[in-house]
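Chain A is the first sequence line, chain B the second, and so forth, proteins listed ahead of strands; every chain is numbered from 1.
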Protein chains: 2
Amino acid sequence: MTDLSTPPRIERFVPADHASVDFTGGFWESWTETVRKVTVPTQHKRLDEEGFLEVLNFHLPPAPLARPIQPSGLSMQHFFDSDFGKWIEAASYTLRAHPNADLEAKIDQIVEQLAQGQMDDGYLNSWFIRREPDKRWTNLRDLHEMYSMGHLLEGAVAYFEATGKRRFLDVMIKAVDHIIATFGTEPGKLRGYDAHEEIELALVKLYRVTQDERHLQLAQYFVNERGQAPSYYDNEARLRGEDPKDYVYKDYSYSQAHVPVREQGEVVGHAVRAMYLFSAMADLAVETSDLTLLAACNRLFDNLTQRQLYVTGGLGPSGTNEGFTREYDLPNQTAYAETCAAVALAFWGHRMAQIELDSRFTDQVELVLFNGALSGISRDGEHYFYENVLESHGDNRRWKWHYCPCCPTNIARLLASLGSYFYTSKPGELAVHLYGANTATVAVGGHKVVLQQDTRYPWEGDIALTVTPEKPAAFTLHLRVPGWCEAATISVNGANVQTTPIKGYVSILREWAAGDIVRVHFDMPVQMLHANPLVTEDAGRVALKRGPMVYCVEEVDNVAAPQLLKLPVDPQISARFDPDLLGGATVLEGAASQAMPAEWGTTLYRAVPPRYNPTRFIAIPYHLWANRAPGGMQVWLRKE
Amino acid sequence: MTDLSTPPRIERFVPADHASVDFTGGFWESWTETVRKVTVPTQHKRLDEEGFLEVLNFHLPPAPLARPIQPSGLSMQHFFDSDFGKWIEAASYTLRAHPNADLEAKIDQIVEQLAQGQMDDGYLNSWFIRREPDKRWTNLRDLHEMYSMGHLLEGAVAYFEATGKRRFLDVMIKAVDHIIATFGTEPGKLRGYDAHEEIELALVKLYRVTQDERHLQLAQYFVNERGQAPSYYDNEARLRGEDPKDYVYKDYSYSQAHVPVREQGEVVGHAVRAMYLFSAMADLAVETSDLTLLAACNRLFDNLTQRQLYVTGGLGPSGTNEGFTREYDLPNQTAYAETCAAVALAFWGHRMAQIELDSRFTDQVELVLFNGALSGISRDGEHYFYENVLESHGDNRRWKWHYCPCCPTNIARLLASLGSYFYTSKPGELAVHLYGANTATVAVGGHKVVLQQDTRYPWEGDIALTVTPEKPAAFTLHLRVPGWCEAATISVNGANVQTTPIKGYVSILREWAAGDIVRVHFDMPVQMLHANPLVTEDAGRVALKRGPMVYCVEEVDNVAAPQLLKLPVDPQISARFDPDLLGGATVLEGAASQAMPAEWGTTLYRAVPPRYNPTRFIAIPYHLWANRAPGGMQVWLRKE
C-alpha cells in the first residue's frame, strides 16, 4: 500500500461543477435538453417495462430462472444493477439544475428497494441476492458483481450531490464496508478483484465525498492486485471445479489482468474495461501522487491514440472480445467501437487533463463528444447504437433497447454532466477545454469567475468569451487550441495575443476584470484526412473533417450508395449550414464520380475497368447518421 | 414421387474413369502423387492419433463423455464417421491405379469394425451407437447422422469400385435399408431429412452401382421433402422439449430448408450444405429427367457465380454461418471461403457439365481446382486451410489438424479422383474440359480412345493432344476454350479449325484415326481483373490472373507487406517461371509504389497524403501462399 503522504503531490485541475455550466442555445443545449427531457424519462420507462426493476422486489420469492427473458424477448443479464446505477447517475445530474419531484421519487423508490434488499453483512447485488445467492463471490472473472456495485456507487454519489439525501450513499458505504471486509491482502481475505473494472473509479468518487482513506485504499488495492501472479481467476476457477484453461477469452488480457497494470504498454482486451481501469489509474495517480501509475497512463494513452483509435474516436475494433486486436487494425464495416468505450475515453482523457494540461488528452475528449460517443444516441434521444461502424450497407439501424443496454445510460450520464468537461481550474489557473455557447461559474482559488461563451461552435470557429470575475483577479486563462486547427487568432479586449500554444493551450496571465472579452477564431476549413498506411483498410481513402466534426456520406442524401463514389484528385468541397437537417447542421458538398453497376450486367469480374460518371455528393456529420431512411454510409471515402 | 420413366430422358456425359487418366509429369502429377504418397497416409495417422478411430471399438463400453477431447487438445465432433468415410473414399481412389496392401488392410480394419458395430436393424453411426444411443434420430436438424452415413456410403462405393470387395458396400446397403424403413412419406415413417445434405448425392452414387431404384427414390424423397411446410425440424424440436424459435441459426435457410428446393433462387446458408444439395439435385435431374430440378440448378448456379463467388472460386464469405450473407458481400480479410465449399463447387460444376456442355460450369471447376480449393492444402501435402482468405496480415497459418477436420479429406478425395474431371463422353461425343499433361483412355460409345496431352499447362497455353482411337471412328471432340482466354487457335494435324466456341466449347466432328494431333494454343497474358462495383471491398483494386491461375502478393517475396503496395496506372507485369519456387511455378513481377509508414512516426491521421516510394513486387499463384515464412498476403491489389 502506497503511503498516501508521499510527495510530490500532484495538484489537480478540478472540473467545474457541471450544474454551474448552463448551455445557452446552440449545439450542446439541444443535446443536453434532449437527454433531460427525453432520454432520462424514456430510459426509466424501458428499465421498467423490460423488467429490469422487477429484480428489486426482494420481498418476493427468488425468481426461478437464471436467465429470464425481457418482455421484448431480449435475454436479461446478471449485471443490470449497473444499468439502473447509471440511470440514477444520469438522472441525478439533470436534477441539479432542474429539480424534478417525480424523477426524484422514482429514484427514491429504487433506493428504498435496494436498501431493503441489502443483506445484513452489507452485500448488495440484486441479481445474486434474488436469483443466484449461492454464486455470491464465486466468480469475479465472469459475473461482474463489483462492476454492478461500482455503478450503484457512482449513482449514489451523484444522487447525494444532487439532493443531499444520504440514504443511498449510506447503503453503498455499507456495501463498500462489506467489500473491504471481504477482499484485500490481509490474512483471511480474498485476494480478488473484479474482471470488469468500474468499482475502482467509483471508489475514488466516494473517497472525494467521504475523505475516508479506506475507500481510496480499496481502489488502490484493486488496481495494484490486478494482473499479479498467480492469478486469482485461475484459483477461483479451480474452486468452482473448472479448468482455468477453459476460459472462453483464453487469457486475462481480455480484462487487462495479464500483467500488473504498471507493466502494461499496449492497450488490450475489452475496450470499456480498459478505459474504466485507466480512468481509475489516473484518479489514483492524482490522489496518491503515484508517478508510476501516471507513467503507465501516459504510455497507454499514447498507444491508444497513436495506434488504435478510429478517426471518429471510436475504439475497440472487434466484436469477438468487444475490444482491441492488434495495433492499426481498424476495419470500418465491422468496427465494434462500442458507445460505452468512446464515452469512457472521454472519462479517461478528462482525468488525464486534470493532471497535465495537454491537448493530446482534451483533443480526444472533444473528438468523441462530437463523433464516436455522440453517434451512440439518436437525434430523438431514445434510440441507440451499441456498435458505431464507420461503414454500412444499410443493415445497421439504431435500436430502442438491447439485450445488453449498457450504452444508453452511459451516453446519458456523459451528456448530463457535460459542463464539467468544459472547464477545470486550480488556484491561479482556469482552463477552457471545450467550446460551445454556455454561461458558467467556475471557482478559481477562492474566486468565482463567470464565463460566457457566445459562439455557433462547432459550426463556426468564432468564440467570444466574456470573463467576469466577481472581483478583479489575476490568474492564468488557458485556452485550448484544438489539434485540428491550423490557424488560430486570439485577442483580449481587441489586442491580439501570442497564439503559439504550449501543449495545445494558449495561456494568458493577467488581471481579469468584469467584462473582459477574449475573442477566439479557429480557422475551420474542410480537411481531408489520410490514415497511417499501416491502417490498411483506409488506404486510398480520405475522411472529411471540419473543425471537430467528422463527416460521413449517407445514402439518403445521395444518388447512390456511398461505396460507389470516388472523390476526384483535388476535390472542391464546400460547407453549408442546413437548418432543416435534424435540427440544423453544417453539411459538406462537392463533386465526385460514381461507378455504375448496371453497366456490368451479370458480370462479376472483368478486365475492363468500371466506368465512372460524374456526380455530386453530400456529407453529414457522422454522429447524425442513421436518423432517417435506411441506407449505406461511409466515413472513409475513396479518392483518385 | 416422379415416375422414373418420364421422358424426355437426359443423356448424360459420363465422366472418365479417373484411374484411366494418368498424369504424366507437370502440375497435376506433382499434386496427385503428393496426395497418394503423403496426404492419404498422414491423414490415417492423424485419424488414429487424434482418437477418431477409437470410436470404432464397439466392443468396449460406451465412452462416458459426449464431447471427449482429442489428444492434441481439440474437441471431437459427433460427425467424424464422415471423416473416415471421406478418407476411405480418397484412399480407395489411389488404390485403383496403385494397389497397396497395407492401405487396403487399414481400410478393411475400419470396415470390419463398422460391420461389427452395425446394429441389427441396420443403423450405423458410430458416435450415436457408442456414445449417445438415446439420441438416435432425435435431431436431424443439428446432429448430422445421415451426413455421416452419406460419407460412409461414398467411401463404400469407392472401395467397392477399387477392390471389388462387397463387405463395406453390403454394410452400407443394410444401413440404407434401415433409412428407407425409417424415413419417407408412407404412414408410420418419419418425414425427416438431414439438415446437412450429403446422403442424397451418395445415394445416387449407390444407385449407379446397384441400379436399385429404391436407392434413387430415397434420394428423391430427401430432395423433394426439403423445405416443405410445416417443417420437420420444428416438430422434432418440440418433441425434444425445445422451442423451435431457439434455433441458433434462426431460420432453416442455413440448411437450404426454408422453402422447397425448386423454389430457391438465391444461394443461401451454409456453403458446403448448399453445394452438396445442388450436386444431388443435378444428379437427380439426370437420373429422373427432372427438368424442374435442372431449372433450379441453373438458376442457383448463375446466382452463385454472378453474385456470390470470390475471384479465387472461394465461396461463403462468413464464418458465422459458414456460408452466404448477402449478394456481392465478398470481404477479403474475413473471407471464410471454406475449402470444402470450393471442393464441392467442383462436384456441382462437374455434374452440371454432365447435363449440358457449357463452360460456365467447367470454367468454375477449373477455377477452384487451381485456386480456391487447392489453396486448402499445403505444398507438402499435410497441412491445411479451412478458411481461404484473400488477404492476411500474417496471422493465417496452415494447420496440421483441426477440431473440425472436414477439409483435408475433402481436398484429398477431389485430387485423388481428378482424372474424371478432365474428360466426359457419351456415344459419338468426347469432351475435354481440363488441360494438363496426362494420358487417358476414354470410352466413346463402344470405342476406346486414348488421349495424350503434352503441355506445360497451366504455366503455358500450348497443348498437343494426340487422339488415338482403338480403330478409326467418327465422333465429335469438344474442346473447352477457357473463359479467361481471349485468343485461342486450334488445329488438327496442322490445319486450323474454326475456334469460335459455342457455350465455351469448340466442337470438331471428324473421323479420328490413330495419331491425329490437335494443337491448341491459348493466349495467356497477365490479366488485371476488376470486380463489379457492388463488391465494394474490391473497389479501386485489381486481381492479377494468368491463365487459370489467380495470383497474390505474399510478404515473403517482397520488401513490405502487400497492403502497403500500389500498382501504377498502367502496370507492366511480366511472367517468369521460377523452378525453385515450391516445386516450380510461374511468378509475376512488376513495378509498384510503396507507402512508407516510417515517415508517419507516431501520427495516426493527417492531412498530408502518404508518400509513396518506387519499388517492385513479385506475385505468386494464390494456392501456393502460406507455404513459407509467415507474413501478409493480398489478392486484390490497390491500383492508381
Side-chain angles (χ1 to χ4, degrees), chain A residues 73 245 302 305-311 326 328-331 333-334 391 393 395 484 486 527-543 545 560-566 594-597 599-612 632 634 638-640, chain B residues 73 245 302 305-311 326 328-331 333-334 391 393 395 484 486 527-543 545 560-566 594-597 599-612 632 634 638-640:
Chain A
K245 289 204 186 72
D302 286 346
T305 55
Q306 294 171 2
R307 296 164 187 246
Q308 305 207 66
L309 196 67
Y310 283 101
V311 73
R326 60 176 170 76
Y328 302 103
D329 182 28
L330 296 165
Q333 212 175 312
T334 58
E391 175 177 353
H393 284 82
D395 44 347
W484 52 260
E486 292 175 358
Q527 294 181 315
M528 283 195 306
L529 294 184
H530 301 260
N532 186 307
L534 294 172
V535 185
T536 59
E537 304 265 349
D538 298 337
R541 297 175 183 271
V542 293
K545 202 173 173 191
Q563 289 86 354
L564 297 177
L565 298 178
K566 186 165 64 167
Q594 185 209 329
M596 313 299 289
E599 56 120 2
W600 283 66
T602 60
T603 304
L604 192 51
Y605 304 107
R606 73 182 193 195
V608 180
R611 201 178 73 205
Y612 283 83
Q634 198 163 35
R638 278 210 304 139
K639 183 175 170 301
E640 299 267 6
Chain B
K245 290 204 186 70
D302 286 346
T305 56
Q306 294 171 2
R307 295 165 189 247
Q308 304 207 64
L309 196 67
Y310 283 100
V311 72
R326 60 176 168 77
Y328 302 104
D329 182 28
L330 295 165
Q333 211 176 310
T334 58
E391 177 178 352
H393 284 83
D395 42 349
W484 52 259
E486 293 176 358
Q527 295 181 314
M528 283 194 307
L529 294 183
H530 300 259
N532 186 308
L534 294 173
V535 185
T536 59
E537 303 265 349
D538 299 336
R541 298 174 183 272
V542 292
K545 201 173 174 191
Q563 289 86 353
L564 297 177
L565 297 179
K566 185 165 64 167
Q594 185 208 329
M596 313 300 288
E599 57 120 1
W600 284 65
T602 59
T603 304
L604 191 50
Y605 304 108
R606 73 182 193 195
V608 181
R611 201 177 72 204
Y612 282 83
Q634 198 163 34
R638 277 210 305 138
K639 183 175 170 301
E640 299 267 6

**Request:** Show your reasoning for whether side-chain contact (heavy atoms from CB on, under 4.5 Å) applies to H393(A) and D329(B).
**Result:** CA-CA 10 Å; H393(A) 284 82; D329(B) 182 28; 5.9 Å; no
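- Most heavy-atom pairs under 4.5 Å with chain A, from the set G601(B), P331(B), A595(B), G540(B): that is G540(B).
- For Q333(B), the part sitting under 4.5 Å from any heavy atom of chain A is the side chain, from C-beta outward, and nothing else.
- For chain A, the nearby part of V608(B) is the backbone; its heavy atoms alone come within less than 4.5 Å.
- For the set T603(B), L529(B), T602(B), the entry with the most heavy-atom pairs within less than 4.5 Å of chain A is T602(B).
- Comparing P533(A), A561(A), A543(A) by how many heavy-atom pairs each has under 4.5 Å with chain B, the most go to P533(A).
- Applying the side chain to side chain contact (heavy atoms under 4.5 Å, CB included) rule to R307(A) yields the partners N303(A), E327(A), Y328(A); only residues at least two apart in sequence or on another chain are considered.
- In terms of heavy-atom proximity, A607(B) sits nearest to H530(A) at O-CD2, 3.3 Å.
- Heavy-atom pairs under 4.5 Å with chain A peak, among M528(B), Q306(B), Q527(B), E486(B), at Q306(B).
- Considering every non-hydrogen atom in both T536(A) and R541(B), the closest pair reads O-NH2, 4.2 Å.
- Contact between Y605(B) and L309(A) at its shortest, heavy atoms only, is OH-O, 2.6 Å.
- Nearest heavy atoms, A539(B) versus R638(A): CB-NE, 3.3 Å.
- Heavy atoms closer than 4.5 Å to chain A are found in the side chain of V535(B), but not in its backbone.
- A salt bridge (charged side-chain N to carboxylate O under 4.0 Å, His left out) check over residues 529-538 of chain B, counting only residues at least two apart or in different chains, returns nothing.
- The candidate from L534(B), D302(B), T334(B) with the greatest count of non-hydrogen atom pairs under 4.5 Å with chain A is L534(B).
- Proximity to chain A is absent for every atom of E599(B), based on heavy atoms less than 4.5 angstrom apart.
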